[in-house]
Amino acid sequence: MDKSYQPLEIEQRIYARWEQNGYFAPRGEGEPYCIMIPPPNVTGTLHMGHAFQDTIMDALTRYKRMKGHRALWQPGMDHAGIATQMVVERLLNAEGTSRRDIGRDKFVERVWDWKEHSGGQIAEQLRRMGASVDWSRDRFTMDDGLSNAVAEVFVRLYEEGLIYRGKRLVNWDPVLHTALSDLEVLSQDEPGKLWHFRYPLASGDGHMVVATTRPETMLGDSAVAVHPDDDRYSHLVGQEVILPIVGRRIPIIADDYVETEFGTGCVKITPAHDFNDYEIGARHDLPMYNILTDDGSLNDEVPEAYRGLDRFVAREKIVAEFESLDLLDKIEDYTVKIPRGDRSHAVVEPYLTDQWYVKIEPLARPAIEAVETGRIRFVPENWSKTYFDWMYNIQDWCISRQLWWGHRIPAWYDDAGNVYVGYSEEDVREKHALGADAELRQDEDVLDTWFSSALWPFSTLGWPDDTRALREFYPGNVLVTGFDIIFFWVARMIMMGLKFMGDVPFHEVYIHGLIRDQDGQKMSKSKGNILDPLDLIDGVDLDTLLAKRTTGLMQDHLKPGIEKATREQFPNGIEAYGCDALRFTFAALATTGRDIRFDLGRIEGYKNFCNKLWNAARYVLMNTEDIGDGDSELSAADLWIRARFDETVRSVHRHFSNYRLDLAAKAMYEFTWYEFCDWYLELSKPVLQSDDASDAMQRGTRRTLIDTLEALLRLLHPLMPFITEEIWQQVAPRAGNAGDSIMLQPFPEVDESLDVADAAADIDWVRNFILGIRQIRGEMDISPGKALPVLMQGSTDLDRERSTRYANLLERVGRVESVTVLADEEEPPAAATALLGDMRLLVPMKGIIDIDAERARLEKQKDKVTADLQKAQGKLGNKNFVNNAPAEVVTKERARAAEFEKTIAQLDEQLEKLSQI
RNA sequence: GGGCGAUUAGCUCAGGGGUAGAGCGCCACGUUGACAUCGUGGAGGUCGGUGGUUCGAAACCACCAUCGCCCACCA
């Protein structure tokens with residue numbers, strides 16, 4: 001083995017072997033376990049969030065697979081309608097052409113080409129992350145099977161009356177020319193204005209003042225509303241105003257919606273361009289004036305001077321005209337919530353169009369119940385509240401999009417405008433007995449991407465066919481995802497799963513945090529702070545990193561700032577940490593629910609951890625080349641490490657079942673480094689490197705070394721698949737294990753039969769002995785290489801017995817030259833002291849130790865213990881404590897106080913001795 | 001306007017009614033035959049504030065402050 005761990009060389013080789021051997025497919029007869037990957041957007045590349053999420057899912061899958069489950073981690077990708085269409089349109093634009101130039105069929109072909117290219121990249125990245133997904137089951141939301149499922153669901157919902165078509169106000173994106181669902185619209189505060197306009201009363205007796213943030217919509221006004229109880233205006237209700245510029249007479253109406261406190265208490269009503277006004281218009285039967293075109297310009301409904309103007313240009317002109325008419329009351333600065341499309345960032349307009357909707361309430365009810373009754377559990381629990389809040393107020397879902405890339409809506413129209421829904425044109429003709437001469441035209445629109453994603457938990461398993469996979473793996477066990485798509489995706493999967501499978505799609509929803517940069521900023525291209533997970537694995541030089549962060553920026557002026565920040569943070573680029581270090585870092589950071597600052601210090605530390613493990617394995621292999629097959633005898637250290645390992649296994653099981661990968665990682669790390677490496681390997685050296693130990697004893701230690709390492713590798717495997725496999729291939733045969741791959745081995749289980757109480761107590765004694773001596777050595781600046789004589793004063797029989805039995809360990813590991821028993825009454829020489837139970841360990845100071853330094857050291861210890869003692873005595877002196885606290889707490893406190901007193905007495909005695917010198 | 005979360009060592013974060021923890025960083029010593037990507041020792045915190053519950057609060061409760069996120073139709 002190399003002297004240090006070199007991840008890059010081994011990772012890809014190992015993954016290829018796993019994949020070629022089909023190890024990722026479900027196997028065995030165990031209970032099925034299934035996780036569905038949240039399908040990444042096919043146009044994207046994996047970012048840190050994916051890598052984090054994939055690490056969690058892979059760790060869970062590997063863990064369950066090793067526990068004997070038929071484990072399936074279902075892979076696949078999402079066609080991501082709008083996002084993908086935008087990417088390909090941009091490509092076309094760069095070529096000097098456009099989607100409209102080449103036409104729908106050619107365009108869709110281009111998107112498929114792009115999908116092949118881009119999707120392959122993501123699959124490659126997943127492989128580099130070590131993802132043990134079953135590639136043989138790979139799915140794409142637009143492939144034939146999933147498209148069938150989409151059509152099936154659409155037709156069934158339509159036939160049940162749960163999908164309908166209607167003309168309503170929708171969120172319209174004037175740049176993308178499509179409707180959006182409420183979720184795809186993000187409202188943000190932006191500085192704006194509040195314009196106050198005077199609308200003259202038709203009676204000629206003055207005017208009303210209305211305020212608006214969107215002046216151009218006045219062209220579509222059909223009323224002015226006031227609150228019914230507003231005395232200022234009640235005499236005007238029923239009268240009319242003359243709409244300026246347009247000249248239309250519109251009524252003054254009364255409606256509860258109006259807030260008397262806000263502005264003047266008069267609201268202009270534009271039913272065709274505002275969601276609230278739409279409702280009011282419906283209540284009062286007002287006419288609707290649609291004044292916009294698809295791209296957000298004014299249409300022919302408005303006075304000629306305004307036709308064809310973009311709405312924002314028209315806005316300026318309207319204000320100017322009001323001013324010239326002396327009808328502009330005032331302009332106030334005002335912060336406005338601006339709704340923007342989440343993809344295009346264009347200002348979205350409420351716009352009257354025909355769209356398809358899912359009637360959601362009947363689907364939502366059982367979905368709410370599934371969480372209320374605990375059939376689905378959110379982890380952490382508080383996310384269920386977010387879920388409920390949305391589900392209780394859920395609105396019908398607009399599912400049609402005016403795009404070209406996506407599942408075409410399975411609806412056909414005849415010349416008379418009748419609509420027929422079916423699986424295909426033939427199906428429709430047959431079902432409705434339409435003759436061949438009847439002209440049918442399919443709906444031009446496609447479905448919201450999330451419509452197909454909602455079916456993912458069963459469409460990927462073959463639904464609507466009754467497949468074996470579907471029977472085995474539905475419902476899945478856990479969904480691992482971010483909080484940002486609880487509404488978009490999680491809720492909709494639950495609704496569709498219950499509707500079409502009659503069961504929940506998964507029993508647990510593990511919501512993880514968001515990966516942020518080291519300053520807590522969200523990672524994004526425009527901030528220039530993105531990290532590519534592969535760059536952390538493979539390393540990257542500064543120039544490449546700079547290029548990655550600055551090319552393709554939407555806003556060129558950000559470039560210098562990004563360059564500067566990147567140069568400062570990564571003056572030498574990023575070193576290669578390897579996949580296992582990255583995965584372990586993600587796991588260690590995966591605390592409940594909170595966002596994660598990705599700190600390079602952590603991954604650096606876990607890379608070192610890999611190296612530590614590597615070298616521990618080197619040591620073990622070096623010492624187990626020839627174990628021999630005679631009897632073996634286990635030493636106290638051997639028993640102790642086996643017991644410590646069991647304890648670690650126990651806690652790792654617990655942490656996996658609670659989705660606390662951070663705690664699992666911590667338990668693994670601490671055992672490996674602080675117990676196995678720091679102590680056990682050191683304690684094994686005296687046995688293996690001394691002639692005193694019997695062959696049986698040596699065999700016992702060699703077996704323990706190899707057995708513990710082999711089991712430890714299995715324990716670590718779900719988090720660090722590559723390094724554990726690489727080492728295991730060499731270790732397993734010596735441990736008597738003939739398996740092909742560590743990933744197919746059983747996960748370690750606790751050996752309940754082990755009774756090691758005595759051995760554990762002995763080893764604790766040895767460790768404390770050595771720690772005491774090390775402390776003296778460290779604080780007295782005695783060279784680690786110098787062996788020290790030690791005197792034991794106040795020792796018990798057991799102390800003396802142990803000092804003999806473990807003399808070898810004390811000498812070799814503790815660098816103790818000799819251990820001498822000193823009778824209680826015997827006068828010790830000047831010495832430095834360490835306390836071990838009731839016994840004092842003395843290191844004679846002759847020529848070694850600075851007396852003043854030793855006195856200071858003891859005083860410091862005494863201060864600390866005295867403070868502890870005072871605290872304990874304070875408690876014990878409090879009657880309330882003694883009377884009310886549980887007896888065992890009081891007893892414990894008494895014992896503590898007694899211990900402190902004894903320690904202080906010993907320290908005093910030692911200080912006294914020093915002063916006599 | 002409603003809801004959720006955070007506030008613990010210089011930094012990043014665990015923990016949790018009875019003894020305040022880890023990693024990184026820092027200081028000192030050190031090449032001992034797995035590992036200097038290392039070893040050994042050490043310094044460093046009134047656990048955001050105020051009040052309450054309790055024998056006991058950093059932890060539970062209330063309020064407040066600061067920061068963050070989500071939802072919502074005051075034009």
Practice item. Could you tell me whether the side chain of A/Lys385 has a donor or acceptor atom within less than 3.5 Å of a complementary atom in the base of B/rC4? Key: no
Practice item. Compare the minimum distances between each of B/rA75, B/rA34, B/rC38 and the side chain of A/Glu259, then state the nucleotide with the smallest one. Key: B/rA75
Exercise for review: Check every strand shown and say whether A/Thr591 touches a base, only sugar-phosphate, or nothing at a heavy-atom separation below 4.0 Å.
Suggested key: sugar-phosphate
Check your understanding: Quick one: the side chain of A/Arg896 and the base of B/rU19, do they pair up donor-acceptor inside 3.5 Å?
Key -> yes
**Study point:** Salt bridge A/Asp599-A/Arg597, side-chain N to carboxylate O under 4.0 Å
**Key:** no
Review point. Between A/Asp599 and A/Ala616, who's closer to the 5' end of RNA chain B by nearest nucleotide?
Key: A/Asp599
Check your understanding: Of the candidate nucleotides B/rA34, B/rG23, B/rG42, which contains the atom at the shortest distance from the side chain of A/Arg602?
Key -> B/rG23
**Study point:** Geometric class of the A/Tyr669/A/Tyr674 ring pair [parallel <30°, tilted 30-60°, perpendicular >60°]
**Key:** perpendicular
Point to revise | Of A/Thr264, A/Val267, A/Ile252, the residue whose pairing with A/Met208 passes side-chain contact (heavy atoms from CB on, under 4.5 Å) | key: A/Ile252
Review point. Between the base of B/rA34 and the side chain of A/Lys685, is there any donor-acceptor pair under 3.5 Å?
Key: yes
Point to revise | Closest nucleotide among B/rG42, B/rA75, B/rG3 to the A/Val258 side chain | key: B/rA75
Check your understanding: How would you label the contact of A/Thr386 with the nucleic acid (heavy atoms, under 4.0 Å): base, sugar-phosphate, or nothing?
Key -> nothing
Review point. A/Pro886 side chain: which of B/rA34, B/rG18, B/rC38 is closest?
Key: B/rG18
Exercise for review: Indicate whether OP1 or OP2 belonging to B/rG42 is found under 4.0 Å from a side-chain N or O atom of A/Gln775.
Suggested key: yes
**Study point:** Nucleotide nearest A/Arg594 (side chain, heavy atoms from C-beta), chosen from B/rC35, B/rA34, B/rA6
**Key:** B/rA6
Study note, to complete from the structure: Partner of B/rC26 under the Watson-Crick or G-U wobble criteria, both distances under 3.5 Å, comes out as B/rG42
Study note, to complete from the structure: Closest to the side chain of A/Ala885, out of B/rA34, B/rC55, B/rU12, is B/rC55
Study note, to complete from the structure: A/Ala211 has its side chain closest, among B/rA75, B/rG30, B/rC35, to B/rA75
Check your understanding: Where the side chain of A/Phe881 is defined as all heavy atoms beyond and including C-beta, which of B/rA14, B/rG3, B/rG18 is the nearest nucleotide?
Key -> B/rG18
Revision key, fill the gap. The nucleotide from B/rC55, B/rA75, B/rC69 with an atom nearest the side chain of A/Tyr257 is B/rA75
Study note, to complete from the structure: Side-chain contact check for A/Phe487: nearest option of B/rC70, B/rC35, B/rA75 is B/rC70
Review point. How is A/Lys522 classified with respect to the nucleic acid when contacts are heavy atoms under 4.0 Å: base, sugar-phosphate, or nothing?
Key: nothing
Check your understanding: Quick one: the side chain of A/Arg812 and the base of B/rU32, do they pair up donor-acceptor inside 3.5 Å?
Key -> no
